[in-house]
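Worksheet: the structure to be examined is printed underneath.
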Amino acid sequence: MPSLTPRVSLVVPVYNASAYVRQCLDSLTQQTYPHVEIICINDGSTDDSLHILMEYIHDPRVQVLDQTNRGCAFSRTRGLGMATGEYIMFIDSDDWLDLDAIRILVEHAERERADAVMGTYVREYKGRSLPKKIFDADFLSFDADETKRHVHRRLFGLVGEELAHPENVDALNSNCFTLYHRDLVKHLTFGAGPYGTFNDLYFQIEALENCHRFVYIDYPVYHYRKTDAGSMSSAYKRDLVSSRMQFFHILMRYIEKHHLGEEYMRALYNRIALSMIGIGLNELAAPKSLFAQADSLKQVLRQDEYKQAYSQMELQHFDVKWRTFFQLCKHERTVPLVLMLHGVDYLRKRV
């Protein structure tokens, strides 16, 4: 029988978050569901983060571990190893939880005997909040086969009518708005490979592949602190294309090793095609002329993986602007593609 009051372990890596960590910890210690342990890993912060964390150790539910800087992935894995709760959740130290989040997630987990319960999240910009709906439903409860078809496969990419919303390609990637049963994740690690910014995604893939009951609720459990798009760092990432390609090949091998099938591979190729949005926006930050930027994008589009991706992409699912964008990609018309990317960048900064 499930416990009436199962403990929930909340793992919080902290690095130079002194401006925000109080709001994060207040949201955890003030949860309406009190049966939590809060595991804070201070990852070699050089600001006042550790001092602030120590203000909370009078609460017996709060643990603080201080370590030299090892990175978020190492810190999460260490916190996961320390966790004793029946359920586990990860929180970033500059974000915060809705005060009812744990109560609502646990109630659904216990009622449905779920391995994972996913809520929604709110993107918190200065002066405005933008909720993010992940599925077009208020509540979903999937068995193992349905989880594979509707959730796990979507981690690899979008297919069919899902492509109408290319902005959702990474909507499931984060680990921070999902409550996991310990049996689903205790054996896993973060950063056990060259995954770069896709650490969260790879962990999610490994966790949900073996999920027998997945529940989704349209309730905003998590609040992401976001920098206004207009002030985002515009630093050019020189190795972005190579790192993306490396990860795409990791996913290809994962599909083959686990015999996940044709739909998974089609989804991944759609992810590759959609990645030109981010790659193109990154190229705008390069200290090059428009024509040099266009030439760089053409070299990307001439890679076999991108040719394959656009040859199979079902463009009819997109609206006019995105259909035009991906037609330009498909036919390597990169000068108008760069001009269109400037328009995308302008609109992105006005969100």
Would you say the ring centroid of Y87 lies under 6.0 angstrom from that of Y33?
no
Could you tell me whether F325 and F318 have their ring centroids closer than 6.0 angstrom?
no
For the side chain of [X] and the backbone of [Y], is there at least one donor-acceptor N/O pair under 3.5 Å apart?
X: T77; Y: F190; value: yes
X: R225; Y: D94; value: yes
X: T178; Y: V117; value: no
X: R61; Y: T29; value: yes
X: N270; Y: L158; value: yes
X: R271; Y: L155; value: yes
X: E146; Y: D143; value: yes

In this structure, CD of Q312 is separated from CZ of R266 (nearest 0.5 Å) by 7.0 Å
Gap separating the SG atom of C329 from the CE atom of M340, nearest 0.5 angstrom
9.0 Å
Checking Y224 against D92: is there a side-chain donor and acceptor pair closer than 3.5 Å?
no
If two hydrophobic side chains count as joined below 4.5 Å and joins carry through other members, does Y254 share a cluster with L268?
yes
With a 4.0 Å cut-off, would you call R253 and E256 a salt bridge?
no
If you compare all heavy atoms of Y264 against all heavy atoms of L260, which two are closest, and at what distance to 0.1 Å?
CD1-O, 3.1 Å
